[in-house]
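Below you'll find the structure, written out as structure tokens, and then a few comments.
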Amino acid sequence: METRKQDDPRLQQDDDDVIVLPDVEEQDRIIDLRDPPPPPQSQATLAWGAPADPKARTYLWLLITVCVLNSIDAMLTNHVIARGLADEGNPIVSSLGLFPKLVLVPLAAEAVYLLKPKALWVPAVALFAVILYTAAGAVLSA
């Protein structure tokens, strides 16, 4: 059996969308049915899907930076090897090609992001140093 708002003596209806509960404290009395409840703190995100927490956003940008630096390193290394200025030193890339590097490094970075996001500084700095080393070698060899 369904009871309507008007039939329930515990509820006093002030508006069409507002229900006032008389037996609770003032701050908890009014429930506005027009506004959805805020998301839990751990799931708060910005409009574009990034975490609302500044630290979490920093780690997300570090993940993106590692992936971009890996792509730049792959392109720069491929260019230097094509010009004959260097040989590939990575045994995985030299045996399997460039594609595994472009897939495995972002997957490993994602695993680090999920398990220990603070550690993403290490591959970001390392890839930046490798890019500088490769670029300096290409400039000095030319």
Side-chain angles (χ1 to χ4, degrees), residues 1-6 8 10-142:
M1 180 172 152
E2 184 178 320
T3 61
R4 296 181 0 199
K5 291 181 196 177
Q6 293 86 3
D8 193 348
R10 295 176 295 153
L11 301 177
Q12 300 169 359
Q13 187 167 356
D14 289 343
D15 240 350
D16 288 339
D17 295 332
V18 177
I19 298 174
V20 179
L21 302 174
D23 296 337
V24 291
E25 291 187 27
E26 182 64 33
Q27 65 187 16
D28 297 330
R29 276 185 63 191
I30 299 176
I31 300 171
D32 191 354
L33 300 177
R34 294 173 288 195
D35 296 331
Q41 193 68 7
S42 63
Q43 295 178 353
T45 59
L46 299 176
W48 48 282
D53 179 32
K55 271 189 177 179
R57 272 199 312 262
T58 301
Y59 299 142
L60 179 65
W61 282 111
L62 272 174
L63 174 66
I64 293 169
T65 302
V66 167
C67 294
V68 168
L69 287 175
N70 180 55
S71 299
I72 292 171
D73 174 45
M75 289 185 294
L76 184 61
T77 303
N78 197 25
H79 175 72
V80 171
I81 291 171
R83 290 183 59 196
L85 300 174
D87 292 328
E88 180 60 64
N90 186 340
I92 295 174
V93 175
S94 61
S95 63
L96 298 176
L98 198 58
F99 184 73
K101 177 182 171 59
L102 293 174
V103 173
L104 293 176
V105 171
L107 287 176
E110 177 77 18
V112 170
Y113 174 73
L114 294 175
L115 297 174
K116 193 168 183 181
K118 284 183 183 180
L120 281 172
W121 286 104
V122 174
V125 171
L127 280 168
F128 186 72
V130 166
I131 290 171
L132 287 179
Y133 178 77
T134 306
V139 169
L140 293 175
S141 296

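As a basis for the values below, the full set of heavy atoms in this structure was taken, side chains included, without hydrogen atoms, waters or symmetry mates.
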Spacing of [atom1] belonging to [X] relative to [atom2] belonging to [Y], to within rounding of 0.5 Å:
{"X": "R57", "Y": "I64", "atom1": "CZ", "atom2": "CD1", "value": "12.0 Å"}
{"X": "I72", "Y": "F128", "atom1": "CD1", "atom2": "CZ", "value": "9.5 Å"}
{"X": "R83", "Y": "N78", "atom1": "CZ", "atom2": "CG", "value": "13.0 Å"}
{"X": "L85", "Y": "L140", "atom1": "CG", "atom2": "CG", "value": "10.5 Å"}
{"X": "T134", "Y": "L127", "atom1": "OG1", "atom2": "CG", "value": "10.0 Å"}

Kindly give the heavy-atom pair with the smallest separation between [X] and [Y], and that separation in Å.
{"X": "S95", "Y": "P91", "result": "OG-O, 2.9 Å"}
{"X": "V66", "Y": "A109", "result": "CG1-CB, 3.8 Å"}
{"X": "L102", "Y": "A74", "result": "CD2-CB, 3.8 Å"}
{"X": "L120", "Y": "Y59", "result": "CD1-O, 3.6 Å"}
{"X": "L76", "Y": "I131", "result": "CD2-O, 3.7 Å"}
{"X": "Y113", "Y": "A56", "result": "OH-O, 4.2 Å"}

Criterion side chain to side chain contact (heavy atoms under 4.5 Å, CB included) on T58 and W61, from CA distance to verdict: CA-CA 5 Å; T58 301; W61 282 111; 5.9 Å; no
Under 3.5 Å side-chain donor-acceptor pair for N70 and K101: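 Side-chain D/A pair, N70 to K101: present.
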Exceeds 12 heavy-atom contacts within 6.0 angstrom, atom CG of L104: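 Count over threshold, so yes.
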Non-neighbouring partners of V139 that pass side-chain contact (heavy atoms from CB on, under 4.5 Å), sequence neighbours left out: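 Once residues adjacent in sequence are excluded, V139 has no partner under the side-chain contact (heavy atoms from CB on, under 4.5 Å) criterion.
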